[in-house]
Visitor: 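Here it is, the structure in full.
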Amino acid sequence: MDIKAAVLAVCSVTAAKCLIGQTAGSLKMKGQLKLILDILLALVITAPFVSGFSDLALPEIGAYELSDTEYQQELYDRALAEQTATNVENILIEQLAAAGIDCKKISAEVNILSDGSISISRVTVDTEDIAGAAEVIRCTLGDETEVVNEEIW
């Protein structure tokens with residue numbers, strides 16, 4: 001039912017109600033006629049809403065795939081690990097330079113654990129003073145950090 005038809009129906013019922021109210025005068029059934037026309041008016045007014053609700057259909061929500069969020073989390077963890085590795089490498093280069101140790105290259109292996117914590121398990125350096133570099137790195141990152149002196153590609 002479109003809006004024009006609904007407005008026309010409401011106007012027609014209202015006009016009929018007024019017409020019967022004026023012509024009925026003092027009929028015994030005037031109250032009953034008004035009640036019937038009031039019910040008819042209420043039905044006409046609510047009909048578009050009722051039919052609209054029956055046509056109303058909520059869109060179906062597709063199966064929510066957990067893999068989408070797992071993929072986003074994996075991307076986030078990878079980006080976080082890369083940024084953390086870059087930051088750690090920069091700090092270690094500064095600390096090695098401050099200690100007077102010449103370091104050509106440095107690479108930190110950063111892992112993001114399932115609980116969100118960050119673990120730096122291995123640091124690879126290209127230096128001639130591996131003992132001094134290992135001491136500075138372990139002092140900074142902890143004694144459990146593996147320090148390796150090898151060529152970095």
Side-chain angles (χ1 to χ4, degrees), residues 1-18 32-153:
M1 183 179 248
D2 62 341
I3 295 178
K4 285 183 182 180
V7 170
L8 183 63
V10 169
C11 290
S12 300
V13 170
T14 305
K17 184 178 169 186
C18 287
Q32 294 168 347
L33 283 173
K34 280 183 115 181
L35 177 65
I36 291 172
L37 289 174
D38 286 340
I39 291 173
L40 186 61
L41 180 63
L43 289 174
V44 168
I45 290 174
T46 58
F49 298 108
V50 172
S51 66
F53 286 130
S54 66
D55 295 339
L56 180 67
L58 295 175
E60 291 186 29
I61 299 175
Y64 181 71
E65 295 190 23
L66 189 59
S67 63
D68 291 342
T69 59
E70 289 174 356
Y71 179 70
Q72 291 173 354
Q73 184 66 38
E74 182 180 323
L75 287 176
Y76 173 77
D77 289 346
R78 203 174 313 147
L80 180 63
E82 289 174 9
Q83 184 63 46
T84 303
T86 302
N87 293 346
V88 167
E89 291 165 5
N90 292 337
I91 290 170
L92 290 176
I93 287 172
E94 288 176 7
Q95 289 186 346
L96 289 172
I101 300 171
D102 184 33
C103 179
K104 295 175 184 104
K105 289 186 179 180
I106 191 165
S107 173
E109 186 177 307
V110 176
N111 301 311
I112 307 296
L113 304 178
S114 61
D115 64 349
S117 60
I118 298 173
S119 169
I120 303 168
S121 57
R122 182 178 185 167
V123 176
T124 306
V125 294
D126 186 7
T127 184
E128 294 186 16
D129 184 12
I130 186 64
E135 183 180 334
V136 170
I137 292 170
R138 287 190 179 117
C139 182
T140 303
L141 299 177
D143 292 333
E144 66 279 352
T145 305
E146 179 183 4
V147 180
V148 180
N149 186 19
E150 59 185 43
E151 190 72 26
I152 302 174
W153 302 95

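Only this structure's heavy atoms are used, side chains among them; waters, hydrogens and symmetry mates stay out. Predicted model, so just to flag it, every value in this text is computed and none were measured.
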Visitor: Please find the pair of heavy atoms, one from T145 and one from V123, that lie closest to each other, and give the distance.
Guide: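 So the minimum-distance heavy-atom pair works out to CG2-CG2, 3.9 Å.
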Visitor: Sub-3.5 Å donor-acceptor pair from the side chain of T124 to the main-chain atoms of V148, do we have one?
Guide: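 It does not hold such a pair.
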Visitor: Can you measure from CG (N149) to CD1 (I130) and round to the nearest 0.5 angstrom?
Guide: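 Reported to 0.5 Å precision, the distance equals 4.0 Å.
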Visitor: Side chains of E89 and S107: does their closest heavy-atom pair fall under 4.5 Å?
Guide: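 A side-chain contact under 4.5 Å exists here.
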Visitor: List the atom of A16, the atom of L37, and the distance in Å for their closest heavy-atom pair.
Guide: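 Nearest pair, atom of A16 first, then L37: O-CD1, 4.1 Å.
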Visitor: Nearest heavy-atom pair of A85 and A108: which atoms, and what distance?
Guide: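 In terms of heavy atoms, the two residues are closest at CB-O, 3.8 Å.
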Visitor: How close do A81 and V110 get, counting heavy atoms only, and between which atoms?
Guide: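 Result for this residue pair: O-CB, 3.8 Å.
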Visitor: Can you tell me if S117 uses its side chain to pair, donor with acceptor, with the backbone of L113 under 3.5 Å?
Guide: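 It does not hold such a pair.
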Visitor: Under a 3.5 Å threshold, yes or no: a donor from one side chain and an acceptor from the other, between N87 and Q83?
Guide: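 Yes.
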Visitor: Can you see which heavy atom on N111 is nearest to which on S121, and at what distance?
Guide: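 Nearest pair, atom of N111 first, then S121: ND2-OG, 3.3 Å.
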Visitor: How long is the span from the OG1 atom in T140 to the CD atom in E135, to the nearest 0.5 Å?
Guide: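 That separation rounds to 10.5 Å.
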Visitor: What's the separation between atom CD in E109 and atom OG in S119, rounded to the nearest 0.5 Å?
Guide: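 Rounded to the nearest 0.5 Å, the CD-OG separation comes out at 8.5 Å.
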Visitor: Verify side chain to side chain contact (heavy atoms under 4.5 Å, CB included) between D126 and I106, making sure each step is shown before the conclusion.
Guide: CA-CA 6 Å; D126 186 7; I106 191 165; over 6 Å; no
Visitor: What distance do D129 atom CG and L96 atom CG have between them, rounded to the nearest 0.5 Å?
Guide: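 The CG atom of D129 sits 9.0 Å away from the CG atom of L96.
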Visitor: Only one of L41, I36, L43 clears side chain to side chain contact (heavy atoms under 4.5 Å, CB included) with I39; which?
Guide: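 Of the listed residues L41, I36, L43, the side chain to side chain contact (heavy atoms under 4.5 Å, CB included) partner of I39 is L43.
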Visitor: Would you call R78 and E82 a salt bridge, using N to O less than 4.0 angstrom?
Guide: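 No, this pair does not count.
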